[in-house]
2 protein chains.
Amino acid sequence: MRLTTKGRFAVTAMLDIALYEADKPVTLAGISERQSISLSYLEQLFSRLRKQGLVSSVRGPGGGYRIAKAHNEISVSDIITAVDEQIDATQCGGNENCHDEGRCMTHELWASLNNKILDYLSGVSLADMVDMQRKKGAGTVVFSPRKCGSEATIAA
Amino acid sequence: MRLTTKGRFAVTAMLDIALYEADKPVTLAGISERQSISLSYLEQLFSRLRKQGLVSSVRGPGGGYRIAKAHNEISVSDIITAVDEQIDATQCGGNENCHDEGRCMTHELWASLNNKILDYLSGVSLADMVDMQRKKGAGTVVFSPRKCGSEATIAA
DNA sequence: ACAATAATTGACTAAAACAGTAGGTTATTA
DNA sequence: TAATAACCTACTGTTTTAGTCAATTATTGT
């Protein structure tokens, strides 16, 4: 799997919908304003999220996006893998040094790390995040995805 | 923290030294050949590794690099943070939405994930990796860092 | 019917990071 | 003194990131 700010944006946007959708669906323009994410960039992200069945869309005035599943059935890893497609395909492709019996030894390290990350992120659901936010938010829902927290890019 | 193929290369190279150093230090040219990593690229990586005190160098003929500490005192996360400098500095810098009381809520998610990753990687030492490799290697030490295993890039 | 709204699509772009090259300088040894 | 090998700086091509821009399609209220 693969996670950058793209994934963070997607998670933040999904959380925004989960918090703000009630009677009406949530517009990308609204998310864009609240979360300071470019509208066009959101459009790209939601194209993927919709194709993966994580959100449903309603066109026209009063339209917008809704979360398509129960909040506890969508994990953070679902969201991330939806927007950050794996180019994972090249499993030791074209490399004669890494075959069945002689697997590169770092292989196991990274594979193992990858599982750890997946385990963690698939254990956190949208419902969990909504709960967390509601509990501490106390009225003021303030979060922004950019330049917040330590940057990291892990390849495993 | 931040981990890409650069980090993988560094870990692989360090492991190569750990496996091959005996009486003489290990040359970058040797690592380059065995692990198919560009010599100049290795030079860049080892400049960092040396400055962080993970390896010591010997110049001139018969020279090369040695691991500067006990193998069980160097963790994978040490190696990775040595070569992949954090641009982490901008902790919510210049963003009025993310302050002390109103920390962005995804913040905690990513911070938490980051800790999970760090925990894991700091728990694996160079000695562990040498052991693993010696046990299964059975004579043929074959590993290569590139195109081996699933690609992933995680930012937390 | 018509204008406003909002999703949907596709192509294009500046900046950064990644991975690597090239060419040189300095210290050490045989 | 010649070979070795670390050390250093600058440059380069490719990919990814994080957008922008412009157009189209569907829906709703008037």
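All chains are named by letter (A, B, ...) in the order of the sequence lines, taking the proteins before the strands, and each is independently numbered beginning at 1. Because the structure is predicted, anything quoted here is derived from the model rather than measured.
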With the side chain of [X] defined as its heavy atoms from C-beta on, choose the nearest nucleotide among [options].
X: B:Glu43; options: D:dA22, D:dT17, D:dC7; answer: D:dC7
X: A:Pro61; options: D:dT20, D:dC7, D:dT27; answer: D:dT27
X: B:Tyr41; options: D:dC8, C:dA7, C:dG20; answer: C:dG20
X: A:Lys51; options: C:dT9, C:dA6, D:dA6; answer: C:dT9

Length of the [atom1]-[atom2] vector between [X] and [N], whole Å:
X: B:Phe46; N: D:dC8; atom1: CZ; atom2: C1'; result: 16 Å
X: B:Glu33; N: D:dA5; atom1: CD; atom2: C1'; result: 15 Å
X: B:Arg66; N: D:dA6; atom1: CZ; atom2: C1'; result: 14 Å
X: A:Leu45; N: C:dT9; atom1: CG; atom2: P; result: 14 Å
X: A:Leu28; N: C:dT9; atom1: CG; atom2: P; result: 13 Å
X: A:Leu42; N: C:dA6; atom1: CG; atom2: C1'; result: 13 Å
X: A:Leu39; N: D:dT20; atom1: CG; atom2: C1'; result: 11 Å
X: B:Arg48; N: D:dC8; atom1: CZ; atom2: P; result: 12 Å

Between A:Gly63 and A:Ser47, just flag the one whose closest nucleotide in DNA chain C comes earlier from the 5' side.
A:Gly63

At under 4.0 Å between heavy atoms, what does B:Tyr65 touch on the DNA or RNA strands: base, sugar-phosphate, or nothing?
sugar-phosphate

Contact under 4.0 Å: [X] side-chain N or O vs [N] OP1/OP2:
X: B:Arg50; N: D:dC7; value: yes
X: A:Ser40; N: D:dC21; value: no
X: B:Ser57; N: D:dA5; value: no

Heavy-atom side-chain contact between B:Leu42 and B:Tyr65 under 4.5 Å
no

Looking at B:Asp128, is its backbone amide N or carbonyl O close enough to the side chain of B:Asp131 to form a donor-acceptor pair, meaning the two atoms are under 3.5 Å apart?
no

For A:Ile37, is there any backbone N or O sitting under 3.5 Å from a side-chain donor or acceptor partner on A:Ser32?
yes

Between A:Gly62 and B:Val26, whichever has its closest DNA chain D nucleotide further toward 5' is B:Val26

Answer with yes or no whether B:Arg59 presents, from its side chain, a donor or acceptor under 3.5 Å of a partner atom in the base of D:dT4.
no

Is the base of C:dT21 touched by the side chain of B:Gln44 through a donor-acceptor pair closer than 3.5 angstrom?
yes

Check whether A:Ile31 and A:Val58 end up in the same hydrophobic cluster, where Ile, Leu, Val, Met, Phe, Trp and Tyr are linked by side-chain heavy atoms less than 4.5 Å apart.
no

Set out, in order, the CA-CA distance, both residues' side-chain angles and the distance that settles side chain to side chain donor-acceptor pair (under 3.5 Å) for B:Ser75 and B:Ser77, then state yes or no.
CA-CA 5 Å; B:Ser75 72; B:Ser77 70; 3.0 Å; yes

